[in-house]
Enquirer: 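Here's a structure for you.
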Amino acid sequence: KRHLLEGDRFSGFLSRMALNDNKAGMEGLDRDKINKIIMKFSKGSRFYENEMKKEQQVNQRIERMMLQKAHITEQQLSKAQTQVENMTFDLERVRDLSRVIVHVDMDAFYAAVETRDCPDLKDKPMAVGSMSMLTTSNYHARKFGVRAAMPGFIAKKLCPNLVIVPTNFDKYRAVSAEVQEIFADYDPHFLPMSLDEAYLDISEHLEQRRVWPEALRTHRLRTNDTGTATSVSVPGQESTVEGLSPVLFEDSPSSSSCPFLQDAPGGGAGGDVMVFGTCAEEAVREMRFRIEQKTSLTASAGIAPNMMLAKVCSDKNKPNGQYRLPSNRQAVMVFIQDLPVRKVSGIGNVTEKMLGALGITSCIHLGQEMALLALLFSETAWHHFLEISLGLGSTHIERDGERKSMSTERTFGEMVALEEQFSLCRQLCQDLAQDLQKEALRGKTVTLKLKNVNFEVKTRAWTLPCAVATSDELFAVAKDLLKTEIDNVSPQPLRLRLMGNLNLPSLTGLNGVYHWKKILNITFNVCCIYQ
DNA sequence: GGGGGAAGGACCA
DNA sequence: TTCCTGGTCCTTCCCCC
């Protein structure tokens with residue numbers, strides 16, 4: 001097993017730095033060439049050195065796990081097997097296939113919004129973000145290996161013609177609100193995960209929809225100034241009319257079967273209308289159609305009996321496509337078999353590597369090795385693995401309860417001067433206090449976060465007897481935490497590159513009435529260089 | 001042995 | 001020249017009762 005790890009280390013470069021091609025639009029590109037370029041411009045940097053260090057820690061973790069595995073006895077294994085079987089039985093008994101859960105994901109959202117508002121960008125590789133970090137890239141850019149969470153300067157090496165557009169969150173928020181209005185028509189309790197993503201439970205909608213007259217399932221194509229319908233990507237058909245808005249993505253081939261494109265009987269101002277059916281797929285197709293009509297942006301969707309599966313499904317026919325997994329156990333199990341574990345939300349880089357070391361790459365292996373996993377991982381972890389291997393997930397979506405923490409942090413060039421560090425600390429406290437005030441929240445634990453120029457992160461926390469909220473109260477704690485850290489490295493200076501501040505729940509009086517309010521974790525992040 | 005706090009990480013968008 | 005931000009949840013260690 002040692003050889004496996006060594007092999008990994010010599011396999012060329014760090015897996016965490018290398019191109020991650022499990023995102024849509026990344027198929028069939030020259031991985032070797034791209035990885036060579038990424039390495040060439042990353043190697044030797046402080047960031048890279050820190051990534052190396054983290055990778056080695058993961059490798060050590062895996063070695064410890066393999067050692068543990070070597071000591072497992074047949075008896076332990078069979079005992080664990082019984083436990084797994086009992087647990088499986090309990091889970092199967094309450095398997096719920098009755099809900100219709102949809103996961104909707106806007107395609108390359110920020111990039112799509114920017115392209116819509118600046119059609120010159122349409123045929124160019126572009127990304128949204130800055131030279132230090134990209135948040136999204138369009139599909140042209142993805143062909144060069146340019147992806148989200150890649151620094152812009154590396155992306156420029158991969159694709160010298162890349163256009164980088166700065167982020168404009170206010171705009172994305174506004175578009176997101178428009179999209180969410182449509183979501184609400186299908187599920188008033190939909191759960192937004194971010195500006196570009198949401199879960200919906202459309203079970204009730206489908207119930208009503210079954211008896212809807214055609215008129216309620218008919219949607220007019222948006223018209224432009226001259227009264228002609230603007231272009232829209234009708235599934236399985238050529239765009240009928242050239243319009244003002246760019247079609248950002250062709251419909252993906254796999255999501256065929258489509259609603260009727262008809263001439264409106266009554267004529268009216270426009271002309272073309274779309275009529276959608278009553279089933280889940282038609283409802284979701286209609287929703288995506290309406291999103292595109294309203295915003296000129298496309299979305300992808302997954303339809304499944306639970307959230308975990310819906311999320312995987314929405315990725316299947318991305319961009320501008322949808323996929324439905326039928327609501328029966330057999331179909332779910334077949335779908336799960338070959339699914340790479342990494343595709344499941346919650347399994348990231350590290351878990352993938354740990355499972356990989358055990359020979360587990362797809363969900364079928366997960367089920368086969370469950371007894372072993374029960375012995376090597378924590379209870380929460382293996383229970384989670386078991387649910388995945390059975391294709392189970394949350395069947396009712398809940399809006400988040402109260403928030404657990406609130407924080408603010410900032411990255412900057414190397415900062416060594418004490419006055420500067422304290423004044424930044426004060427600024428962050430002010431910013432956080434403002435945010436806390438907006439939601440009328442207080443926090444009991446104040447956390448100072450520091451990152452030094454070598455990308456090493458430290459957090460230092462202090463819990464108060466009662467919750468605080470004002471800038472002065474926060475700073476009183478944060479400055480002591482900062483001072484302690486400075487004293488610890490003195491006489492060397494703290495060489496920071498990031499500082500942040502986090503505040504946790506309490507009982508606070510509001511308008512004379514007592515409400516349960518979360519005491520937040522206050523984090524205050526300062527970046528320094530320790531030597 | 002359990003609860004709470006502190007520190008560090010994994011993971012997500 | 002440049003590798004983010006703001007969340008949640010989990011794990012491990014330690015102390016205290």
Side-chain angles (χ1 to χ4, degrees), chain A residues 14 16-17 23 38 41-43 45-51 53-54 57-58 61 64 103 105-106 108-110 128-136 147-157 164 166-167 169 172 176 192-198 311 342 344-354 377-384 400-414 428 431-432 435 444-451 453-465 481 485 497-504 518-525 527:
Chain A
L14 294 161
R16 57 194 318 134
M17 301 278 304
K23 254 304 221 220
I38 295 177
F41 292 98
S42 306
K43 228 169 190 165
S45 69
R46 288 175 164 143
F47 178 81
Y48 177 86
E49 293 303 321
N50 189 251
E51 290 297 300
K53 212 177 86 189
K54 288 199 275 182
Q57 281 167 7
V58 172
R61 218 177 127 182
R64 283 199 303 274
H103 179 255
D105 197 349
M106 299 296 294
F109 187 50
Y110 301 169
V128 177
S130 67
M131 270 316 228
S132 36
M133 188 50 61
L134 302 179
T135 62
T136 348
R147 65 194 203 283
M150 176 182 274
F153 72 94
I154 302 266
K156 278 277 196 185
K157 306 290 181 192
I164 298 180
T167 48
F169 279 101
Y172 312 143
S176 181
M193 298 304 288
S194 61
L195 290 180
D196 74 323
E197 212 185 294
K311 166 98 192 187
R342 187 59 214 263
V344 178
S345 177
I347 298 194
N349 194 22
V350 174
T351 312
E352 181 189 30
K353 266 194 99 175
M354 309 244 311
F377 288 81
S378 72
E379 188 164 78
T380 3
W382 80 259
H383 283 185
H384 183 225
D400 277 347
E402 270 151 71
R403 66 152 77 229
K404 307 277 191 306
S405 69
M406 185 181 275
S407 69
T408 181
E409 65 183 54
R410 219 151 294 155
T411 296
F412 35 79
E414 177 172 350
L428 287 167
D431 295 350
L432 184 59
D435 292 346
K444 226 172 76 161
T445 305
V446 179
T447 309
L448 177 73
K449 175 173 164 186
L450 303 173
K451 191 190 277 179
V453 291
N454 295 321
F455 292 86
E456 291 160 338
V457 178
K458 272 189 185 175
T459 58
R460 292 294 176 258
W462 188 256
T463 301
L464 298 157
L481 291 169
E485 282 317 293
R497 80 183 313 276
L498 171 146
M499 192 186 295
N501 197 343
L502 167 89
N503 190 357
L504 291 174
K518 292 288 173 186
I519 300 183
L520 306 168
N521 265 320
I522 303 181
T523 352
F524 174 73
N525 303 339
C527 242

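Naming convention: chains lettered A, B, ... in sequence-line order (proteins, then strands); numbering from 1 in each chain. Atom set for the values below is all heavy atoms of this structure, side chains included, hydrogens, waters and symmetry mates excluded. Computed from a predicted model, the values in this text were never measured in an experiment.
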Enquirer: For side-chain contact (heavy atoms from CB on, under 4.5 Å), just list the numbers for A:N454 and A:N50, CA-CA rounded to whole Å, side-chain angles, deciding distance to a tenth of an Å, and then say yes or no.
Expert: CA-CA 7 Å; A:N454 295 321; A:N50 189 251; 5.7 Å; no
Enquirer: Can you check the A:L134 CG to C:dT2 C1' distance for me, whole Å?
Expert: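 From A:L134 CG to C:dT2 C1': 11 Å.
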Enquirer: Any protein N or O atoms within reach of nucleotides 11-13 of chain C? Criterion: under 3.5 Å, listing atom names and distances.
Expert:
{"from": "C:dT11", "atom 1": "OP1", "to": "A:S378", "atom 2": "OG", "distance (Å)": "2.1"}
{"from": "C:dT11", "atom 1": "OP1", "to": "A:T380", "atom 2": "OG1", "distance (Å)": "3.2"}
{"from": "C:dT11", "atom 1": "OP2", "to": "A:T380", "atom 2": "OG1", "distance (Å)": "3.1"}

Enquirer: Write down the protein N/O and nucleotide N/O pairs, taken from nucleotides 15-17 of chain C, whose separation is under 3.5 Å; answer none if there are no such pairs.
Expert:
none

Enquirer: Not counting sequence neighbours, which residues clear side-chain contact (heavy atoms from CB on, under 4.5 Å) with A:S42? List them please.
Expert: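 A:S42 satisfies side-chain contact (heavy atoms from CB on, under 4.5 Å) with A:M17, A:I38, A:Y48, A:I154 once adjacent residues are dropped.
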Enquirer: For A:T447, which of A:T463, A:T459, A:L481 qualifies under side-chain contact (heavy atoms from CB on, under 4.5 Å)?
Expert: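 So the option named by the test is A:T459.
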Enquirer: Look at the side chain of A:T135 and the backbone N and O of A:V128, then say whether any donor-acceptor pair between them is shorter than 3.5 Å.
Expert: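 Such a contact is found between A:T135 side chain and A:V128 backbone.
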Enquirer: Answer yes or no: is there an ion pair linking A:K451 with A:E409, defined by an N-O contact shorter than 4.0 Å?
Expert: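 Salt bridge between A:K451 and A:E409, a charged N being under 4.0 Å from a carboxylate O: no.
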Enquirer: Figure out the CE/C1' separation between A:M406 and C:dG7, and round it to whole Å.
Expert: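 Atom-to-atom, A:M406 to C:dG7, this comes out as 11 Å.
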Enquirer: Between C:dT5 and A:S407, is there an OP1 or OP2 to side-chain N/O distance shorter than 4.0 Å?
Expert: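 Negative; the distance criterion is not met.
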Enquirer: Where the side chain of A:S405 is concerned, which of C:dT2, C:dG7, C:dC4 is the nearest nucleotide?
Expert: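 So the nucleotide nearest the side chain must be C:dG7.
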Enquirer: Kindly write out the residues that satisfy side-chain hydrogen bond (donor to acceptor under 3.5 Å, both in side chains) with A:S345, not counting sequence neighbours, or none if the list is empty.
Expert: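 Testing A:S345 for side-chain hydrogen bond (donor to acceptor under 3.5 Å, both in side chains), a comparison that skips the adjacent residues, returns none.
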Enquirer: Can you tell me the distance, in whole Å, between the CZ atom of A:R403 and the P atom of C:dG6?
Expert: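 Those two atoms, CZ and P, are 11 Å apart.
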Enquirer: Quick one: A:M354 CE to C:dC10 P, roughly how many Å, whole number?
Expert: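 Those two atoms, CE and P, are 16 Å apart.
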Enquirer: For residues A:L134 and A:A155, report the shortest heavy-atom separation together with the two atoms involved.
Expert: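 Scanning both residues, the minimum pair turns out to be CD1-CB, 3.6 Å.
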Enquirer: Please determine, for the side chain of A:D196, which listed nucleotide (C:dT5, B:dA13, C:dT8) has the closest atom?
Expert: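 Given the options C:dT5, B:dA13, C:dT8, the side chain of A:D196 is closest to B:dA13.
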Enquirer: Could you give the NZ-to-P distance, from A:K449 to C:dG7, as a whole number of Å?
Expert: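 Interatomic distance, NZ of A:K449 to P of C:dG7: 11 Å.
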Enquirer: Please check the phosphate of C:dT5 (OP1 and OP2 only) for any side-chain N or O of A:T411 closer than 4.0 Å.
Expert: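 It does, given that an N or O in the side chain of A:T411 lies less than 4.0 Å from OP1 or OP2 of C:dT5.
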Enquirer: Which of these nucleotides, B:dC12, C:dT8, C:dC4, is closest to any side-chain atom of A:K404?
Expert: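 Output: C:dT8.
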Enquirer: Using the test side-chain contact (heavy atoms from CB on, under 4.5 Å), find all partners of A:S132 that sit at least two apart in sequence or belong to another chain.
Expert: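 Residues passing side-chain contact (heavy atoms from CB on, under 4.5 Å) with A:S132: A:S130.
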Enquirer: Between B:dA13, C:dT5, C:dG7, spot the one nearest the side chain of A:S194, thanks.
Expert: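 Closest of the options to the side chain of A:S194: B:dA13.
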Enquirer: In B/S/- notation, 5' to 3', how is nucleotides 4-11 of chain B contacted by protein heavy atoms closer than 4.0 Å?
Expert: -SSSSSSS
Enquirer: Quick one: stems involving DNA chain C, counted as three or more successive Watson-Crick or G-U pairs, both distances short of 3.5 Å.
Expert: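 As far as DNA chain C goes, consecutive pairing (with distances under 3.5 Å) yields the stems B:1-13 with C:5-17.
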Enquirer: According to side-chain hydrogen bond (donor to acceptor under 3.5 Å, both in side chains), who are the partners of A:E197, at least two apart in sequence or on a separate chain?
Expert: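 Per chain and number, A:E197 pairs via side-chain hydrogen bond (donor to acceptor under 3.5 Å, both in side chains) with A:H103, A:K311.
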Enquirer: Mind checking salt bridge (charged side-chain N to carboxylate O under 4.0 Å, His left out) for A:K156 and listing every partner two or more places apart, or none if nothing turns up?
Expert: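 So A:K156 forms no salt bridge (charged side-chain N to carboxylate O under 4.0 Å, His left out) with any residue.
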Enquirer: Answer with base, sugar-phosphate or nothing: what part of the nucleic acid does A:M193 contact at a heavy-atom distance below 4.0 Å?
Expert: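 Here A:M193 touches no strand at all.
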Enquirer: Are any of the side-chain nitrogens in A:E49 or A:R46 under 4.0 Å away from the carboxylate oxygens of its partner?
Expert: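 A:R46 and A:E49: not salt-bridged.
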Enquirer: To the nearest Å, give me how far apart CE (A:M133) and P (C:dT5) are.
Expert: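 Rounded to whole Å, this separation is 9 Å.
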Enquirer: Could you state the CE-C1' distance from A:M131 to C:dT2, rounded to the nearest angstrom?
Expert: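 Result: 7 Å.
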Enquirer: Please report the C-alpha distance between A:N349 and A:R342 in whole Å, then the side-chain angles of each, then the deciding distance to 0.1 Å, and finally whether the side-chain contact (heavy atoms from CB on, under 4.5 Å) criterion is met.
Expert: CA-CA 8 Å; A:N349 194 22; A:R342 187 59 214 263; 4.0 Å; yes
Enquirer: Does A:F169 have any side-chain contact (heavy atoms from CB on, under 4.5 Å) partners at least two apart in sequence or in another chain, and if so, which?
Expert: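 Checked A:F169 against side-chain contact (heavy atoms from CB on, under 4.5 Å); matches are A:Y110, A:T167, A:Y172, A:R173, A:L195.
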Enquirer: I'd like to check A:F377 versus A:M354 (side-chain heavy atoms, cut-off strictly below 4.5 Å). Are they in contact?
Expert: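 Side-chain contact under 4.5 Å: yes.
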Enquirer: Within the structure, does a side-chain N or O atom of A:K451 lie under 4.0 Å from either OP1 or OP2 of C:dC4?
Expert: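 Looking at the OP1 and OP2 atoms of C:dC4, one of them is under 4.0 Å from a side-chain N or O of A:K451.
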Enquirer: Round to the nearest Å and state the distance from A:F169 atom CZ to C:dT5 atom P.
Expert: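 To the nearest whole Å, that distance equals 11 Å.
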Enquirer: Can you name the residues that form a side-chain contact (heavy atoms from CB on, under 4.5 Å) with A:D435, not counting sequence neighbours?
Expert: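 Result, side-chain contact (heavy atoms from CB on, under 4.5 Å) vs A:D435: A:M406, A:K438.
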